[in-house]
Each structure stands twice: as C-alpha cells, then as structure tokens.
2 protein chains.
Amino acid sequence: MRALAHPDRGELQLDTVLSALSDPVRRRIIGQLADGPDDQACSAFQLPVSKSTSTHHFRVLREAGLIEQHYSGTSILNTLRAADLEARFPGLLQAVLQASRHEAPSPTAERL
Amino acid sequence: MRALAHPDRGELQLDTVLSALSDPVRRRIIGQLADGPDDQACSAFQLPVSKSTSTHHFRVLREAGLIEQHYSGTSILNTLRAADLEARFPGLLQAVLQASRHEAPSPTAERL
DNA sequence: CCCATTGTACGATAACTCTAGTAGTACGAA
DNA sequence: TTCGTACTACTAGAGTTATCGTACAATGGG
C-alpha cells in the first residue's frame with residue numbers, strides 16, 4: 001500500500017528532467033540531497049513554500065526520476081538517483097549541481 | 001535599428017537556460033547549431049511548428065543567452081554562444097547535447 | 001517601384017505550472 | 001483510543017507557455 005510510482009532508468013526523459021531542474025526550489029532539494037546523506041525526510045528541507053507546494057515539488061522530482069521516495073513510518077525518505085541519472089545522461093546532473101552552487105554561493109542563506 | 005537584445009555572459013541565469021533547454025524544438029535548434037556551422041539563418045531549420053512559433057522559440061533562446069542573433073539582409077543569422085555558456089555553466093551544454101543525441105538518434109528524421 | 005523572402009507583432013486559445021488552503025490518511029506514541 | 005506528526009489529495013486561482021493565423025515590416029533583386 002501507499003506505493004509510490006517511479007520511472008525506470010530506461011524511461012527517464014530529458015524533457016522531464018530538464019523541466020524539473022529548471023525550478024529553483026527543486027534544484028535546492030536536489031542540491032541538499034547531493035551534498036547531504038541519503039534518505040532525508042521531506043521535513044529536513046527548509047523550503048520557502050507551503051507544505052502542499054513542497055509535496056508538489058517532491059512529486060515532480062520523483063515522477064521525473066530524479067529522486068527515489070519510500071515510506072518509513074509517517075515520513076517519506078528521499079534519495080537522489082545519481083547513478084541512474086549518470087547512466088542515462090552522463091555529466092548532466094553534475095553540471096547542473098555545479099552551476100547551481102556557482103549561482104547561489106550560500107544555499108542555506110539564500111532568499112530564493 | 002532592429003537591434004536584438006542579448007544578455008551579457010555574466011547575466012546568464014540557470015533557471016532561464018534550463019527552462020529554454022527543456023523544450024524539444026529548442027533543443028533541436030541548439031543541436032543543429034552545435035553540429036553545424038555558425039551563422040545559420042532561421043529558415044535553415046526544419047521545425048515541426050509554424051513560422052510564428054519558430055520565431056517565439058528563437059526569441060526564447062536568444063533571451064536566455066543560448067544563441068546570438070544578428071540581422072543580415074532579410075535573414076537573421078544564429079550562432080550558439082558556446083563559449084559564454086561554457087564559462088558560466090561548465091559542462092552543462094555538452095551534457096545536454098550528448099543526452100539529446102542519445103535520446104534522439106536521428107535528429108533530422110525524428111517526429112518530435 | 002514591385003515583388004518575393006524572411007522574420008516580427010499581435011491576438012487568441014488551450015494547456016500547463018506554481019502556489020496555497022482545506023480536508024484527510026497513515027503511522028507511532030502515550 | 002486519542003493525539004500529534006508527516007505527508008497527500010483535492011480544489012482553485014493566477015500566471016506563464018506553446019501554438020497558430022493573420023497582418024505587417026525590412027531587405028534585396030528585378
């Protein structure tokens with residue numbers, strides 16, 4: 001029950017991935033996942049939007065295949081699908097992450 | 001007269017660039033510019049959209065800073081701003097181009 | 001000057017996105 | 001069972017985007 005749909009590695013679409021990455025809130029999520037540990041709950045992210053909007057962004061990321069989500073009690077744990085992305089679109093994620101860091105020197109303090 | 005506004009290299013925004021690249025028509029334009037010569041006229045692109053929609057996509061690419069456009073007679077010549085992009089977002093353009101080729105093996109024949 | 005070529009501007013429409021509020025579900029703890 | 005936490009679903013509004021048709025402007029060639 002409460003299964004969350006994820007696209008397979010082979011189903012990843014460049015369109016969807018780039019479109020998911022074009023939102024700053026979602027890039028912030030991806031950045032925190034890339035820099036921090038795996039399995040971070042949604043509540044571990046300090047996002048400048050409401051809870052329902054957060055849910056929306058996490059869903060977009062999951063459906064694009066950028067993150068993997070699975071339930072653990074009342075929480076959902078999020079993990080970056082770095083290997084899948086690297087296999088399908090080599091260098092893309094790293095380039096975006098680097099560009100993102102360059103653009104926002106202090107991600108935790110930025111206003112967004 | 002008929003000056004076309006372009007963002008400076010330092011003004012390039014990751015948001016805008018990724019969002020511009022998330023459309024397949026625009027990726028096709030970028031791909032053809034990357035693989036072909038500089039200064040290709042808009043009419044050199046066989047796009048599956050109307051002329052006015054084409055204009056729209058070229059404008060989005062120019063305003064995002066991905067291409068440089070300048071008039072030459074009745075035509076506009078388009079050039080990929082590869083150096084500017086590489087300076088600001090290293091590896092990003094190449095990663096997208098490679099992913100794009102991988103996803104669409106024969107760009108000229110694809111249905112889009 | 002007339003005309004063909006090339007691209008723009010404008011108006012319209014349908015679809016999508018981001019945002020939030022409200023209500024509800026699943027789970028763990030007391 | 002009752003409560004709090006964590007997150008989702010649904011609904012809705014505001015804004016943006018992609019698309020096109022039509023009309024128009026700029027240039028170069030005869």
Side-chain angles (χ1 to χ4, degrees), chain A residues 1-6 13-30 32-33 39-79 110-112, chain B residues 1-6 13-30 32-33 39-79 110-112:
Chain A
M1 50 153 13
R2 288 212 294 165
L4 295 166
H6 293 78
Q13 300 284 326
L14 185 54
D15 261 38
T16 323
V17 168
L18 287 176
S19 156
L21 287 171
S22 69
D23 185 285
V25 174
R26 293 194 290 259
R27 274 205 306 283
R28 184 145 138 181
I29 295 174
I30 293 296
Q32 181 170 332
L33 280 173
D39 286 334
Q40 297 185 55
C42 296
S43 54
F45 296 79
Q46 312 273 331
L47 303 175
V49 294
S50 74
K51 214 163 46 164
S52 55
T53 304
S54 263
T55 297
H56 160 70
H57 286 305
F58 276 102
R59 193 220 290 245
V60 170
L61 287 173
R62 173 170 50 79
E63 292 182 344
L66 284 161
I67 63 174
E68 189 268 330
Q69 297 191 297
H70 62 93
Y71 280 96
S72 169
T74 65
S75 299
I76 284 191
L77 301 183
N78 301 274
T79 300
E110 72 176 317
R111 268 268 288 107
L112 250 182
Chain B
M1 54 154 7
R2 289 213 292 167
L4 295 167
H6 294 77
Q13 299 284 327
L14 185 54
D15 262 38
T16 324
V17 168
L18 287 177
S19 156
L21 288 171
S22 70
D23 185 286
V25 173
R26 292 194 291 259
R27 275 204 306 283
R28 182 145 141 182
I29 295 173
I30 293 296
Q32 179 170 333
L33 280 174
D39 286 333
Q40 297 184 56
C42 295
S43 55
F45 296 79
Q46 310 275 330
L47 303 175
V49 292
S50 74
K51 210 166 51 165
S52 52
T53 305
S54 262
T55 296
H56 161 69
H57 286 305
F58 276 102
R59 191 220 290 243
V60 169
L61 286 173
R62 172 170 51 80
E63 292 183 344
L66 284 160
I67 63 175
E68 190 268 330
Q69 297 190 296
H70 61 94
Y71 281 95
S72 169
T74 65
S75 301
I76 282 192
L77 302 183
N78 300 275
T79 301
E110 73 176 317
R111 267 267 287 106
L112 251 184

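Sequence lines set the chain letters: A, B, ... in the order given, protein chains first and strands last, and positions in each chain run from 1.
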Heavy atoms only, 4.0 Å cut-off, all strands: where does B:Ser43 land among base, sugar-phosphate and nothing?
sugar-phosphate
Whole-Å distance, A:Phe58 CZ to D:dA9 P, equals 15 Å
* Asked: So do the side chains of A:Val60 and A:Asp23 get within less than 4.5 Å of each other, counting heavy atoms only?
  -> no
note: B:Leu21, atom CG; D:dT17, atom C1'; distance rounded to Å ~ 16 Å
When rounded to whole Å, the CG to C1' distance for the pair A:Leu47 and C:dA20 reads 15 Å
Which of C:dT22, C:dG7, D:dG21 is nearest the side chain of A:Ser52? It is C:dT22
In whole angstroms, the gap separating C1' of C:dT6 from CG of B:Asn78 amounts to 12 Å
Practice task
Check step by step if side chain to side chain contact (heavy atoms under 4.5 Å, CB included) holds for A:Leu4 and A:Ile76.
Solution key: CA-CA 10 Å; A:Leu4 295 166; A:Ile76 284 191; 3.8 Å; yes
TODO: Kindly say whether B:Leu21 contributes a backbone atom to a donor-acceptor pair with the side chain of B:Arg27 at under 3.5 angstrom?
DONE: yes
Per atom distances to the A:Lys51 side chain, the nearest of C:dT8, D:dA9, D:dA6 is D:dA6
* Can you find a heavy atom in the side chain of A:Asp39 that is under 4.5 Å from one in the side chain of A:His70? -> yes
Value for CG (B:Leu66) from CG (B:Leu33), rounded to nearest 0.5 Å, stands at 10.0 Å
Look at A:Thr74 and D:dT5 and indicate whether a side-chain polar atom (N or O) is within less than 4.0 Å of OP1 or OP2. no
When rounded to whole Å, the CG to P distance for the pair B:Asp15 and D:dT16 reads 14 Å
Rounded to whole Å, the CZ-C1' distance (B:Arg62 to C:dG7) equals 12 Å
Find every protein N or O atom lying less than 3.5 Å from an N or O atom of nucleotides 16-18 of chain C, and list the pairs.
unit_1	atom_1	unit_2	atom_2	d
C:dC18	OP1	A:Asp23	OD2	3.4
C:dC18	OP1	A:Arg26	NH2	3.0
C:dC18	OP2	A:Arg26	NH1	3.1
C:dC18	OP2	A:His56	NE2	3.2

Whole-Å distance, A:His70 NE2 to D:dT8 P, equals 13 Å
Rounded to whole Å, the CD1-C1' distance (A:Ile76 to D:dT8) equals 8 Å
* Keeping the roles fixed (side chain from A:Arg62, backbone from A:His6), state whether a donor-acceptor pair exists under 3.5 Å. => no
Side-chain atoms of B:Ser50 come closest, of C:dG7, D:dA9, D:dG21, to D:dG21
Phosphate-side-chain proximity, A:Arg59 and D:dC7, N/O vs OP1/OP2 below 4.0 Å: no
Distance col, row B:Ser54:OG vs B:Arg59:CZ, nearest 0.5 angstrom, shows 13.5 Å
